[in-house]
Amino acid sequence: MSLATTTQGWPFSRELLRSVRELKRARRRGGCATGCDHDRADDGRLPWSTDGAYGGWGGHEYHGTEPGSERTPVVFVHGNQRDACDWERHAEFFLRRGYGGDDLWAVTFREGTPTHAAMIEKLDAFVGSVREYTGAESVDVVAHSLGVTGVRCWLAARNRLSWVDSFVGLAGANHGTVLSTWCADTGFARGPYRVSEFLRDDHDSVEGHPLARLNENETPGDVDYYTLRGTEDPLFWNCRRSPELEGATNVAIETDHDGVRTDRTALEYIYRWTAGEHPYDIQQQVALPG
């Protein structure tokens, strides 16, 4: 039986099929939407060895800037079937506004669709290495899609709230998705949909569900929380407000799932929330915005 047949009668079947195809295409490219030529666990763009545990980029040598900075480092975390290449444009935007190379970091998980347990382990190692390398006590974290609940799980599981100043969650399934419930219930939960059981929207009705436990306190600690969601995001059919967190600054913009990360408006929000200043403050410019 084809997926098209099994989704007949579902109001979101067209969006579901499109999402499945996009994830499958990304998986064939090794989880890199831009077709980069780096292995997922390649640590050649980092100033430390990961022993094949994860990849990514960051630091003054990678960005071609002077070493050191007085800013809070920013750590970017990708979503399902993506990698650190997602954040190259963001790094350029930040560099043109006074950030140094030692302030900008992005992780690539070894698997295109990592489990939450794997994200907890790798995030602890990555952020710990950023802190050690830069001497910073804390970082700002910007995460997209699957990376949002990954970061939240890491903060809770390892009690790393003191490591983070600001957390920006972009299109995260903080309260699950109808799509994930459907995938889990029909057995369509392999490959890029292996996290479906964790992100089901009816998690509150499942005894001891990890997402329900995580949401007992949605914004813990002395962390500034921000979320951004797209009004045209098909992933959140019938659960539009899933990305929002109680106690956070929650904003919606007119875009889709990827646009919450890539649109100019999204980039401006990300910068404002992490840098604590307007992105077009002329006093902070090292070059005119592109």
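A quick note: this is a predicted structure, and the numbers were derived from the prediction, not measured.
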Quiz item: Is R89 atom CZ crowded by more than 12 heavy atoms from other residues, nucleotides or ligands, each under 6.0 Å away?
Solution: yes
Practice problem: Look at atom CD of E88 and say whether more than 12 heavy atoms of other residues, nucleotides or ligands are closer to it than 6.0 Å. | Solution: yes
Measuring from [X]:[atom1] to [Y]:[atom2], what's the distance to the nearest 0.5 Å?
| X | Y | atom1 | atom2 | value |
| --- | --- | --- | --- | --- |
| Y54 | D42 | OH | CG | 12.5 Å |
| I253 | L228 | CD1 | CG | 4.5 Å |
| C153 | L211 | SG | CG | 7.5 Å |
| E111 | K122 | CD | NZ | 9.0 Å |
| T219 | L245 | OG1 | CG | 7.0 Å |
| T50 | R110 | OG1 | CZ | 8.5 Å |

For [X] and [Y], indicate whether the former's side chain and the latter's backbone hold a donor-acceptor pair under 3.5 Å.
| X | Y | answer |
| --- | --- | --- |
| T108 | A84 | yes |
| D233 | G230 | no |
| S242 | G176 | yes |
| H63 | T65 | no |
| D39 | A41 | no |
| H60 | G100 | no |
| D256 | G259 | yes |
| N80 | S145 | no |
| R272 | P279 | no |
| R160 | L123 | no |

Are [X] and [Y] ion-paired here, with the side-chain N under 4.0 Å from a carboxylate O?
| X | Y | value |
| --- | --- | --- |
| R213 | E216 | no |
| R264 | E268 | yes |
| D185 | R200 | yes |
| D258 | R82 | yes |
| E137 | R131 | no |

Taking [Y] as the starting point, is it possible to reach [X] by hopping between hydrophobic residues whose side chains are less than 4.5 Å apart?
| X | Y | answer |
| --- | --- | --- |
| L161 | V127 | yes |
| V77 | F94 | no |
| V141 | Y269 | no |
| L214 | Y225 | yes |
| L267 | Y280 | yes |

Can you tell if the side chain of [X] reaches within under 4.5 Å of the side chain of [Y], non-hydrogen atoms only?
| X | Y | result |
| --- | --- | --- |
| V130 | W48 | yes |
| R45 | H38 | yes |
| Y271 | H90 | no |
| V168 | T274 | yes |
| M119 | V151 | no |
| T113 | Q81 | yes |
| V75 | D140 | no |
| V139 | D165 | no |

Can a donor-acceptor pair be found between the side chains of [X] and [Y] at a distance below 3.5 Å?
| X | Y | answer |
| --- | --- | --- |
| D102 | S69 | no |
| H175 | E218 | yes |
| H78 | D86 | no |

Exercise. Would you mind telling me which of W105, F126, Y62 makes a ring-ring contact (aromatic ring centres under 6.0 Å, His included) with Y133?
Key: W105
Exercise. Begin from the C-alpha positions of F76 and L104 and carry the test side-chain contact (heavy atoms from CB on, under 4.5 Å) through to its verdict.
Key: CA-CA 8 Å; F76 297 100; L104 301 169; 4.3 Å; yes
Exercise. Take Y226 and I270 through the side-chain contact (heavy atoms from CB on, under 4.5 Å) test and state the conclusion after the steps.
Key: CA-CA 9 Å; Y226 305 89; I270 294 167; over 6 Å; no
Practice problem: Taking the six-membered ring of F93 (Phe, Tyr or Trp), confirm whether the NZ or CZ of R97 is under 6.0 Å from its centre and within 45° of its axis. | Solution: yes
Quiz item: Within 45° of the axis and under 6.0 Å from the centre of the six-membered ring of Y99, does NZ or CZ of R71 qualify?
Solution: yes
Quiz prompt | Output field: ring centroids H116/W154 closer than 6.0 Å | solution = no
Self-check item: Ring centre gap for Y193 and F188 strictly below 6.0 Å
Solution: yes
Self-check item: Stepwise side-chain contact (heavy atoms from CB on, under 4.5 Å) check, T255 with T231
Solution: CA-CA 6 Å; T255 190; T231 59; over 6 Å; no
Practice problem: Apply side-chain contact (heavy atoms from CB on, under 4.5 Å) to W87 and W57, showing your working. | Solution: CA-CA 10 Å; W87 307 105; W57 51 250; 3.8 Å; yes
How far apart are the closest heavy atoms of [X] and [Y], and which atoms are they?
| X | Y | value |
| --- | --- | --- |
| P73 | S138 | CD-O, 3.6 Å |
| G169 | V148 | CA-CG2, 3.8 Å |
| F236 | A171 | CZ-O, 3.6 Å |

Practice problem: Apply side-chain hydrogen bond (donor to acceptor under 3.5 Å, both in side chains) to the pair N250 and T227, showing each step before the final yes or no. | Solution: CA-CA 5 Å; N250 301 299; T227 75; 2.5 Å; yes
Quiz item: With respect to D201, which candidate in N238, T177, T181 satisfies the side-chain hydrogen bond (donor to acceptor under 3.5 Å, both in side chains) definition?
Solution: T181
Exercise. Just do the salt bridge (Lys or Arg N to Asp or Glu O under 4.0 Å) check on E244 and R229 with the steps written out, would you?
Key: CA-CA 8 Å; E244 297 182 357; R229 65 180 178 89; 3.1 Å; yes
